[in-house]
Structures are given as structure tokens and as C-alpha cells.
Number of protein chains: 2
Amino acid sequence: MESRIDRIKKQLHGASYKLTPQREATVRVLLENEEDHLSAEDVYLLVKEKAPEIGLATVYRTLELLTELKIVDKINFGDGVSRYDLRQEGAAHFHHHLVCIECGAVDEIQEDLLDDVEAVVEKRWNFTVKDHRLTFHGICWRCNERHANEDEQ
Amino acid sequence: MESRIDRIKKQLHGASYKLTPQREATVRVLLENEEDHLSAEDVYLLVKEKAPEIGLATVYRTLELLTELKIVDKINFGDGVSRYDLRQEGAAHFHHHLVCIECGAVDEIQEDLLDDVEAVVEKRWNFTVKDHRLTFHGICWRCNERHANEDEQ
DNA sequence: TTACTAAATTAGAATAATTATAAAATGATT
DNA sequence: AATCATTTTATAATTATTCTAATTTAGTAA
Ligand SMILES: [Mn+2]
Ligand SMILES: [Mn+2]
Ligand SMILES: [Zn+2]
Ligand SMILES: [Zn+2]
């Protein structure tokens with residue numbers, strides 16, 4: 001955890017930004033909620049618990065900065081807010097998401113899975129892929145299991 | 001074109017909605033700009049040209065209705081507005097997009113390309129795929145050709 | 001330390017997208 | 001023609017995000 005923060009600090013310094021207390025508190029919240037998909041407001045409320053003086057605009061600016069440095073990815077699941085997601089260290093591409101249309105859960109797929117598709121896109125469309133967003137909408141394993149049990153009855 | 005409208009009219013009736021003049025004007029704008037990715041405001045301004053009395057809220061409501069009926073898909077490219085995209089008639093899934101990070105162009109891929117990936121997702125994650133959103137970010141063929149020409153000089 | 005300077009933060013205002021509300025209009029049905 | 005549900009309009013309200021100006025902080029040099 002600390003080493004992760006240190007490496008992020010170095011990334012910031014490398015781009016001649018400082019790791020201010022507010023930025024550090026924001027990064028810590030993101031690390032502590034790595035599996036979640038927090039909105040700026042969510043992050044703000046959580047950061048406020050440890051650094052009550054922080055302003056919402058600072059959170060927005062910090063998230064924007066982290067996005068620029070590809071430390072986090074900004075994503076939109078269609079509910080009107082942007083959400084921020086820590087990128088796996090060293091990952092070339094953003095990971096994928098499974099959004100359940102029944103229970104609303106959002107699960108992650110860290111494997112890339114798109115190598116073949118990207119090869120096709122690069123060749124057939126002469127498009128140089130730098131990143132991607134892939135989200136599946138459907139029924140998650142929990143809801144599927146629940147339905148299976150209900151049918152058994 | 002007319003037959004396309006007729007089929008949409010039937011879809012609406014099938015769900016016990018009417019094809020009011022405002023709704024028809026909105027659908028026509030979408031059909032006439034099928035290759036674009038219009039925001040609600042964009043649609044509103046275009047509809048206003050043929051039906052100047054229409055209100056913005058009606059456009060929003062119509063687009064929401066068309067989304068519900070899967071006649072259009074709502075998508076967000078990260079620029080703060082939702083965009084609306086006619087779905088190919090009979091297509092099971094939303095098509096894919098190529099967003100150029102240099103010139104901003106948005107191109108479409110109508111082929112599915114994800115059959116294999118979806119099979120993996122269904123089997124390995126026990127996730128029942130109903131739909132998807134796939135967007136590649138990178139450099140489009142036009143920009144790639146331009147760069148190639150510049151290098152030649 | 002002290003002074004200087006650029007970067008960063010704060011509080012609050014402004015903007016912009018979207019949604020909600022209430023009154024009026026429409027259109028199908030008896 | 002009268003009725004009743006649906007739809008639209010105009011406008012207000014809400015919400016997410018960005019901007020602004022004043023203040024604070026952190027780093028550097030005297
Ligand atoms: Mn994620
Ligand atoms: Mn499209
Ligand atoms: Zn579920
Ligand atoms: Zn381009």
C-alpha cells in the first residue's frame with residue numbers, strides 16, 4: 001500500500017506535480033476502495049472523513065489529474081455520473097466491466113480478452129488502438145444462481 | 001425510409017404508444033442523420049427546423065422512449081453529454097465505435113466481433129450477456145494516412 | 001530565517017445537462 | 001359532442017461539473 005503510494009508519488013513528480021496532502025488523501029481513498037466504482041461525490045465524502053477541510057473542486061481536479069496520468073480511468077455506466085477506477089499497475093488497457101441489469105452489481109474482468117478483436121480493428125479499419133472501454137450488460141452470476149435455485153423449488 | 005418509419009410506428013403501437021407528430025419528426029431526424037452521434041440538444045435543434053413548436057423536454061422524453069424500445073441506443077463518449085444512435089434493424093447488440101483521439105472522429109463497426117469473447121464471459125463468469133458497449137480509443141485511418149504522408153516528405 | 005514565486009486549494013458562483021411539474025392540448029373512444 | 005387517458009408545452013428545479021478570485025502552501029534563493 002505504502003509502496004503503491006510511493007510509486008504514484010514518483011509518477012506525479014515525473015510529470016512535475018506534487019503529492020499534496022489532499023491528493024494523497026484522495027489516492028488513499030481510491031486504494032482503499034479499489035473494487036468500487038466511486039463518483040467524484042463519493043470520493044469527496046470519503047476523503048472528507050480523513051481530511052474534512054478538502055473542497056469538492058479539489059477532488060475533481062485531482063481525479064482529472066490522475067486520469068491524465070492514467071493512474072485512474074474515468075468511466076460512465078449511463079447513470080449520469082462519471083466514475084473513477086484505479087488502473088492495475090502496469091496495465092496497458094482499462095479492464096472490462098459486467099453490469100447486472102437485475103441487481104445493479106458491477107463486476108470486473110482483468111483479463112484483456114480483446115487481443116484478437118484489436119488485431120482485426122487495426123488491420124481492417126487501419127485504426128491504431130490506444131485504449132478501450134468494454135462493458136457487458138446482462139445478468140450476473142449471483143442473479144443467475146438465484147434464478148436456478150428458485151426454479152428448483 | 002417510409003417503411004422504416006412504418007415499422008417503428010408498429011413497434012410503438014405494439015407497446016401501446018402513439019407516433020405523435022413530434023415523435024415522428026424526432027425519428028425522421030435520427031434517420032436522416034443515421035451516421036452521426038447526436039446529443040439531445042443536437043436532435044432538438046434539427047427537429048425544430050421542421051417542427052418549430054417542439055419542446056426540449058419532449059425530445060428528451062421521446063429519446064428515452066426510443067431507448068426503452070431499443071430503437072436507439074444511448075451512449076456516452078465521455079464528453080459530458082449522452083448521445084443517441086439508431087440501432088440497425090434487427091441487430092441483437094449495439095454496434096461498436098472507434099473514437100479518434102487526434103481528430104475526434106467517431107467511426108462505427110457494425111460487425112459483432114465479440115462472439116468469442118461473449119462465450120468466454122458467459123462460461124467463465126456465468127454472466128448472461130444481453131448487450132454491450134465497446135469503444136476503442138486511438139488513431140483513425142485518416143489520421144494514420146496523414147501521418148504516413150507527412151513522413152514521406 | 002525571510003522573501004519571493006509558482007502551484008494548489010478553498011468557497012462560492014456559474015454553467016450546462018437533465019428531470020420534474022402543472023396547465024393546456026390532443027386524439028381515440030363512446 | 002363529451003369523456004378520459006396520453007402527450008406536450010413552458011418553465012422551474014435539480015444535479016453534476018467547471019470556473020473564478022482570493023488565499024494558502026511549498027519550494028527555492030538570498
Ligand atoms: Mn472497474
Ligand atoms: Mn454509432
Ligand atoms: Zn445481479
Ligand atoms: Zn483522426
Side-chain angles (χ1 to χ4, degrees), chain A residues 8-29 37-69 71-85, chain B residues 8-29 37-69 71-85:
Chain A
I8 289 173
K9 186 174 188 172
K10 286 204 184 79
Q11 279 188 266
L12 285 169
H13 285 165
S16 52
Y17 292 110
K18 307 169 192 168
L19 182 65
T20 64
Q22 292 88 342
R23 285 174 184 167
E24 182 171 337
T26 304
V27 169
R28 280 185 191 281
V29 161
H37 297 90
L38 304 174
S39 66
E41 182 83 24
D42 293 337
V43 173
Y44 173 61
L45 293 173
L46 289 167
V47 174
K48 254 186 142 9
E49 291 175 8
K50 25 177 85 164
E53 75 293 349
I54 200 171
L56 178 57
T58 299
V59 171
Y60 269 102
R61 258 181 290 103
T62 300
L63 290 171
E64 190 188 11
L65 174 61
L66 294 173
T67 302
E68 200 180 296
L69 297 178
I71 294 166
V72 307
D73 285 297
K74 188 177 178 181
I75 191 171
N76 191 299
F77 291 122
D79 61 349
V81 288
S82 292
R83 298 181 177 277
Y84 298 85
D85 209 355
Chain B
I8 290 173
K9 185 173 187 173
K10 286 204 184 79
Q11 278 188 267
L12 284 170
H13 285 165
S16 51
Y17 291 110
K18 306 168 193 168
L19 182 65
T20 63
Q22 292 88 342
R23 285 175 183 165
E24 182 171 339
T26 304
V27 168
R28 281 185 190 281
V29 161
H37 297 92
L38 304 174
S39 67
E41 182 83 25
D42 293 338
V43 173
Y44 172 62
L45 293 174
L46 288 166
V47 174
K48 256 189 135 31
E49 292 175 8
K50 23 178 86 165
E53 75 294 348
I54 200 170
L56 178 57
T58 299
V59 170
Y60 269 102
R61 256 180 292 104
T62 301
L63 291 170
E64 189 188 11
L65 175 61
L66 294 173
T67 302
E68 200 179 297
L69 298 179
I71 293 165
V72 307
D73 285 296
K74 188 177 178 181
I75 191 171
N76 191 299
F77 291 123
D79 61 347
V81 288
S82 291
R83 297 182 176 277
Y84 298 84
D85 209 353

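Proteins get letters first, then strands, A, B, ... in listed order; numbering begins at 1 in each.
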Margin query: Just the rounded figure in Å: distance from P of D/dT8 to CD of B/Glu53.
Written below: 11 Å
Can you name the atoms? Protein N/O to nucleotides 17-21 of chain D N/O, anything below 3.5 Å, with the distance.
| residue | atom | partner | partner atom | Å |
| --- | --- | --- | --- | --- |
| D/dT17 | OP1 | A/Ser82 | N | 3.1 |
| D/dT17 | OP1 | A/Ser82 | OG | 3.3 |
| D/dT17 | OP2 | A/Tyr60 | OH | 2.5 |
| D/dT17 | O5' | A/Tyr60 | OH | 3.3 |

Item checked: Any A/Val27 side-chain heavy atom under 4.5 Å of A/Ile71 side chain -> no
Check: To the nearest Å, how far apart are A/Ile54 CD1 and C/dA8 C1'?
Finding: 11 Å
Next item on the list: Send over the distance from A/Asp42 CG to D/dT15 P, rounded to a whole Å.
Entry: 15 Å
Check: Mind checking whether B/Ile54 and B/Thr26 have side chains closer than 4.5 Å, heavy atoms only?
Finding: yes
Margin query: When you measure from the side-chain N and O atoms of A/Thr58 to the phosphate of C/dT10, is any distance below 4.0 Å, counting only OP1 and OP2?
Written below: yes
Notebook entry, point to check: Is atom NZ of B/Lys9 surrounded by more than 12 heavy atoms (other residues, nucleotides or ligands) closer than 6.0 Å?
Noted result: no
Next item on the list: Take atom CZ of B/Arg23 and atom C1' of D/dT6, then tell me their distance rounded to the nearest Å.
Entry: 8 Å
Notebook entry, point to check: For A/Lys9 and D/dA26, what is the distance between atoms NZ and C1' respectively, to the nearest whole Å?
Noted result: 12 Å
Notebook entry, point to check: Can you tell if the side chain of B/Tyr17 reaches within under 4.5 Å of the side chain of B/Leu65, non-hydrogen atoms only?
Noted result: yes
Checklist line | Any A/Gln22 side-chain N or O less than 4.0 Å from OP1/OP2 of D/dT25 | finding: no
For nucleotides 23-29 of chain C, tabulate all protein N/O to nucleotide N/O atom pairs closer than 3.5 Å, reporting atom names and distance.
none

Checklist line | Backbone of A/Phe77 reached by a side-chain donor or acceptor of A/Arg83 within 3.5 Å | finding: no
Next item on the list: Could you check if a side-chain atom of A/Lys18 sits within less than 4.5 angstrom of a side-chain atom of A/Leu12, using non-hydrogen atoms only?
Entry: no
Check: Quick one: are A/Val47 and A/Gln22 in side-chain contact, heavy atoms under 4.5 Å?
Finding: no
Margin query: Is there a side-chain contact between A/Thr20 and the phosphate of D/dT25, meaning an N or O under 4.0 Å from OP1 or OP2?
Written below: no
Checklist line | Euclidean distance, atom CG of residue A/Asn76 to atom P of C/dA17 [Å, nearest integer] | finding: 14 Å
Next item on the list: Using a 4.5 Å cut-off on heavy atoms from C-beta on, say whether the side chain of A/Val29 contacts that of A/Leu38.
Entry: yes
Margin query: In this structure, how many angstroms lie between the C1' atom of C/dT19 and the CG atom of B/Leu63, rounded?
Written below: 14 Å
Checklist line | Distance in angstrom units between A/Leu12 CG and C/dA7 C1', rounded | finding: 13 Å
Margin query: Can you confirm whether A/Asp42 sits close enough to A/His37 that some side-chain heavy atom of one is under 4.5 Å from a side-chain heavy atom of the other?
Written below: no
